[in-house]
Amino acid sequence: MSSIQKAADTRGLAGQTIGDTKVCSVNQTQLIYRGYEIADLAANATFEEVSFLLLEGHKPSTDELARFEAELRDMREPHPEVIKVIHGLARSAPNAHPMNVLRTGISLASHHDPDCEDNSAEAELRKSKRLLASIPAMIGAHQRGLEGKDPVSADPSMSHAANLLWCLSGETPGEIATKVMDVSLILYAEHDFNASTFTGRVIASTNSDLHSAVCGAVGALKGNLHGGANEAAMDMLRDIMDDTTQDSDLTVGAWMTRAFEEKRKLMGFGHRVYKNGDHRAGILRDWGLRYANEENASAKKWFDLGDEVQQIMFEQKNIHPNVDFPCGMTYYSMGIPVPQYTPIFVASRITGWCAHIMEQHANNRIIRPLAEYTGPELSNWND
Ligand code: CMC
């Protein structure tokens with residue numbers, strides 16, 4: 001095998017273990033956060049409990065959880081300048097992608113964080129909690145600006161998930177909406193060395209600060225091969241629905257065959273690790289469908305279409321949906337604007353990112369791998 005073929009086999013670092021972590025374990029059959037399996041957490045824990053587990057390193061006692069929840073509730077309002085800039089961007093740059101606006105908000109927040117340049121474990125935990133608590137208000141300020149409305153103040157009486165929905169819509173969410181959002185935040189919270197977390201760890205490994213590492217991670221999550229897939233999956237379903245409605249001869253199967261012929265990737269399908277299915281996808285689909293059944297019957301059509309697409313994809317390609325596929329349908333049923341799906345992913349994954357950044361700083365060596373050179377042979381400049 002030539003050296004070029006060898007390099008092609010490992011593109012994207014596929015199949016390579018490049019470090020160790022105590023935060024999370026991912027394999028073909030399980031996703032485990034610090035010793036707890038994801039289905040167990042989704043069924044029995046709250047997002048606040050999972051956040052404590054990831055950030056503080058163990059399951060919280062009743063007292064620890066009460067203290068943690070109170071801390072988060074007190075930290076929900078970002079610095080006023082952050083809200084002012086984000087809200088203003090909705091008017092001055094209405095086409096700016098919400099992920100870029102959120103990245104700006106997090107970067108701005110760093111300038112007002114008294115611990116910004118302190119990479120000690122204690123300071124990093126404080127910064128992590130401030131970001132976790134305040135990101136929902138940043139997302140909400142931008143969305144409400146896009147709708148020509150004033151931001152609402154974060155609500156300290158609500159759970160984290162309910163406050164996120166409140167900041168987005170200015171309406172008190174119902175019980176089932178809050179539960180579905182809470183479960184989705186748990187499912188999205190952590191996933192070992194995925195692209196955005198790895199980006200964050202690389203930045204942290206240079207002794208850079210937590211906010212810089214998180215800004216880099218937001219940039220990595222935005223792409224549609226990673227977190228951006230939840231928006232892209234819903235856009236794809238809407239395209240299929242529109243195209244097959246407008247042309248009654250076009251079946252869903254024919255739409256997909258055309259996409260395969262054009263070598264297009266179907267968004268929300270496939271995974272680097274889970275070749276036999278993503279355990280998170282079924283959990284979120286069931287909660288999303290339950291929401292539609294109880295609160296928005298007209299949205300059930302998206303789950304019917306999703307099931308059909310899923311079945312054809314399996315029959316023709318043997319490829320399963322990942323968590324981003326049901327996420328699109330679920331958030332759409334809940335009336336959440338599509339461009340905010342990936343920012344909501346940030347509102348959750350901030351916990352995993354910060355846990356990894358702290359772990360990197362606690363036992364740091366700069367991440368600096370090698371590349372195999374495949375360019376021109378050595379020449380003399382004067383020849
Ligand atoms: N649609 C069509 N074909 C696909 C898809 C897809 N979604 N995913 C994989 N394949 C094909 C791929 O083209 C390749 O075919 P061939 O051997 O003919 O070249 C084969 O399946 C194997 O692909 P792979 O090596 O398993 O893919 P990968 O590990 O390099 O990439 C992936 C993984 C998730 C980027 C890819 O499956 C993809 O682009 N999916 C669509 C985007 C997506 O849903 N991303 C979300 C990822 S999971 C959660 C998250 O991070 O947010």
Side-chain angles (χ1 to χ4, degrees), residues 5 7-18 24 26-28 31 33 38 42 99 184-201 216-240 252-253 255-285 306 308-331 338-353 356:
Q5 279 175 316
D9 286 338
T10 56
R11 281 180 313 143
L13 296 175
Q16 304 197 40
T17 301
I18 48 85
C24 176
V26 179
N27 60 51
Q28 286 280 354
L31 165 58
Y33 298 173
I38 193 65
M99 280 294 273
S184 77
L185 295 177
I186 291 172
L187 298 175
Y188 267 141
E190 167 52 12
H191 218 209
D192 84 2
F193 281 16
N194 61 87
S196 56
T197 301
F198 186 53
T199 302
R201 287 193 78 128
V218 172
L221 189 74
K222 179 187 171 196
N224 65 8
L225 297 187
H226 190 11
N230 57 11
E231 296 175 23
M234 193 60 219
D235 288 340
M236 182 187 77
L237 276 186
R238 288 157 89 191
D239 283 348
I240 297 175
V252 174
W255 192 101
M256 291 173 66
T257 302
R258 195 173 64 197
F260 297 145
E261 284 166 1
E262 291 167 357
K263 301 269 175 237
R264 280 162 54 196
K265 290 265 181 81
L266 263 60
M267 290 295 143
F269 284 90
H271 199 274
R272 173 60 62 77
V273 182
Y274 306 131
K275 297 306 180 197
N276 300 314
D278 177 339
H279 335 297
R280 302 167 298 176
I283 299 172
L284 193 49
R285 178 210 173 267
E308 190 177 354
V309 170
Q310 185 174 325
Q311 190 177 340
I312 296 169
M313 191 69 171
F314 179 68
E315 286 165 1
Q316 296 204 11
K317 293 271 178 191
N318 194 24
I319 296 177
H320 299 266
N322 57 57
V323 66
D324 291 319
F325 191 61
C327 175
M329 294 173 246
T330 300
Y331 288 173
V338 176
Q340 298 295 355
Y341 295 2
T342 321
I344 293 173
F345 195 156
V346 174
S348 162
R349 186 59 60 86
I350 185 69
T351 53
W353 289 337
H356 279 275

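Counting starts at 1 for both ligands and their atoms, following the listed order.
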Less than 3.5 Å between some nitrogen or oxygen of Gly268 and one of ligand 1, yes or no?
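Yes - when backbone and side-chain N and O of Gly268 are compared with those of ligand 1, one distance drops under 3.5 Å.
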
Would you say Arg280 and ligand 1 have an N/O pair spaced under 3.5 Å apart?
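For ligand 1, there is no N or O atom that lies under 3.5 Å from one belonging to Arg280.
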
Are the side chains of Met99 and Val218 in touch, meaning some heavy atoms are under 4.5 Å apart?
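Sidechains of Val218 and Met99: in contact.
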
Just so I know, are the side chains of Asn230 and Tyr188 near enough to count as touching, which here means a heavy-atom distance under 4.5 Å?
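Yes; the side chains approach each other to less than 4.5 Å.
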
Between OG1 on residue Thr199 and CZ on residue Phe193, distance to nearest 0.5 Å:
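Going from OG1 on Thr199 over to CZ on Phe193, the span is 11.5 Å.
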
Run the contact test for [X] against ligand 1 with a 4.0 Å cut-off on heavy atoms, strictly below, and give the result.
| X | value |
| --- | --- |
| Lys317 | no |
| Arg11 | no |
| Leu221 | no |
| Lys275 | yes |

Of the side chain and backbone of [X], name the one, both, or neither that has a heavy atom under 4.0 Å from an atom of ligand 1.
| X | value |
| --- | --- |
| Phe345 | side chain |
| Leu225 | both |
| Met313 | side chain |

Counting only heavy atoms on the protein side, is anything nearer than 4.0 Å to [atom]?
| atom | answer |
| --- | --- |
| atom 34 (C) of ligand 1 | yes |
| atom 21 (O) of ligand 1 | yes |
| atom 4 (C) of ligand 1 | yes |
| atom 31 (O) of ligand 1 | no |
| atom 18 (O) of ligand 1 | no |
| atom 15 (O) of ligand 1 | no |

What atoms in ligand 1 come closer than 4.0 Å to a heavy atom of Gly227?
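Per the distance check, 52 (O).
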
Looking at Gly270, which atoms of ligand 1 are within less than 4.0 Å of one of its heavy atoms?
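Those atoms are 34 (C), 37 (O).
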
Strictly under 6.0 Å, is that where the ring centroids of His279 and Tyr274 end up?
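Judged by ring-centre distance (under 6.0 Å), His279 and Tyr274 do meet the cut-off.
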
Check the orientation of [X] and [Y]. Use parallel for under 30°, tilted for 30 to 60°, and perpendicular for over 60°.
| X | Y | answer |
| --- | --- | --- |
| Tyr331 | Tyr341 | perpendicular |
| His320 | Phe314 | tilted |
| His226 | Phe345 | perpendicular |

Of the listed options Asn230, Asn194, Leu266, Asn322, closest to atom 2 (C) of ligand 1 (non-hydrogen atoms)
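It is Leu266 that holds the nearest heavy atom.
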
Is the number of heavy atoms from other residues, nucleotides or ligands within 6.0 Å of CD (Gln28) greater than 12?
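Above 12, so yes.
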
Could you check whether Lys317 makes a cation-pi contact with Phe260, meaning its NZ or CZ is under 6.0 Å from the centre of the six-membered ring and within 45° of the ring axis?
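The answer is yes; both the distance and angle limits are met.
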
